[in-house]
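Structure record follows, encoded as structure tokens.
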Amino acid sequence: MELALARYRLRFKHPFGTAHGLRDGTDSVFVRLSRNGSHGYGEATLPPYLAETQRSVLEELAGLDPGCVQDCFMSGGQVVLSAPARAALHTAYIGLITREKECSISSYFGVLDRVADPAVSLMTLGHTEPEDIPLILNDLPRTGGLKVKLGSPNDEATLRVVMDLGYRRLFLDTNQGWSQVDQALRIIDLVGAENVLGIEQPFPKDRWDLHEQLKDRTDVPVFADESVQGMADLERAPTAFDGVNLKLMKCGGLDRALEMSVRARELGLQVMLGSMSESSLGCGAMAALAGIAHILDLDGPWLIANDPFVGMGVQHGRIFVEGTLGSGIELRLPDELDFRPIGV
């Protein structure tokens, strides 16, 4: 098996703002595993609020023995990778295996038609000046809901513009940007609880008490993001949350994302499959688990100007993957990424 790595910077079409700050792109590391002419690809996307960096992930993966990749996924194995590095490698490995088996990742994991109702697909509006909102939304396809990033002084003005443009089903994401329950309740009243699909991580990740208070005072589902980093956090989540946003860069691989999705549903939580603005590759891989999700927050391909992969689309307001083998995602051009083999 050959392991190759490529550094890349994904650039946003428009500057993307959250409560974490404004950025024009995201550093990434792409992974390629090859065997007998078949390839599998993976991605580690590394926004600046993560502890891992492009350099640290490259160093982790460059130190691996390509012949021992499977050992990285074994419980109790000697190789321990950070969550983004493991996610990239595991996605590439599962992509390669499913290509060789000529099946999809969905069928490989057995997550086809796990739920009766298709997941609601979201597009995202980041922090921006209210006057720029119509232009930005014009670049996004209409889906089942619009995710609006909040936690700035423009929150109320932003929501009024969005609602005036006819967007009614909103998902509110503050990225830990608020400090009082009444802030959240005021915004919910402004939008109308019947129009809010959910509110995500309104308070700091360690303020489980505030999330619990909000959960008790509204019928709007409260979703965890930063508060739930692993299985231990997930187990206690029902006390303060109604749902959880699971991301490959947090979970560390499709296997762990599936395990947490199954457990979340057992705990009575809604499952949201999210991303850190990955390309079509990372978002398409996560979309393979859509059969177990309530909400899909996998809109990176529509936010990025230089996506090196293709294969995702929107039809009848829902995100879908066009291909049927592996993740269903393809490299746009053979030399789109500068892959450097490891151990050769």
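The structure presented is a predicted model; accordingly, all values stated were derived computationally and were not measured. If you read the sequence from its start, that first residue is 1, and numbering goes on from there.
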Would you call the rings of F309 and Y41 parallel, tilted or perpendicular, taking 30° and 60° as the class edges?
perpendicular
Identified side chain to side chain contact (heavy atoms under 4.5 Å, CB included) partner of F30 from the options L331, L337, T45:
L337
The side chain to side chain donor-acceptor pair (under 3.5 Å) partner of K149 among T158, T124, N175, T128 is N175
Mind running side-chain contact (heavy atoms from CB on, under 4.5 Å) on R265 and H294 for me, showing each step along the way?
CA-CA 10 Å; R265 294 186 69 95; H294 298 86; 2.8 Å; yes
Within one Ile-Leu-Val-Met-Phe-Trp-Tyr cluster: L122 and V222, side-chain cutoff 4.5 Å
no
Does the ring of Y167 carry R142 above it, NZ/CZ under 6.0 angstrom from centre and within 45° of its axis?
yes
Step-by-step side-chain contact (heavy atoms from CB on, under 4.5 Å) determination, L89 to V69:
CA-CA 8 Å; L89 189 65; V69 167; 4.0 Å; yes
Anything under 30° is parallel, anything over 60° is perpendicular, the rest tilted; go ahead and classify H90 against F73.
perpendicular
Is there a continuous path of hydrophobic side-chain contacts, each under 4.5 Å between heavy atoms, that joins F241 to F223?
no
So how far is it from M249 CE to S82 OG, rounded to the nearest 0.5 Å?
9.5 Å
May I ask whether L296 and M272 are part of the same hydrophobic cluster, defined by side-chain heavy atoms of I, L, V, M, F, W, Y residues being less than 4.5 angstrom apart, directly or through others?
no
Do F171 and L146 share a hydrophobic cluster, counting only Ile, Leu, Val, Met, Phe, Trp and Tyr and linking them when any side-chain heavy atoms are less than 4.5 Å apart?
no
When you group the ILVMFWY residues by side-chain heavy-atom contacts below 4.5 Å and let the links chain together, are M286 and L234 in the same group?
yes
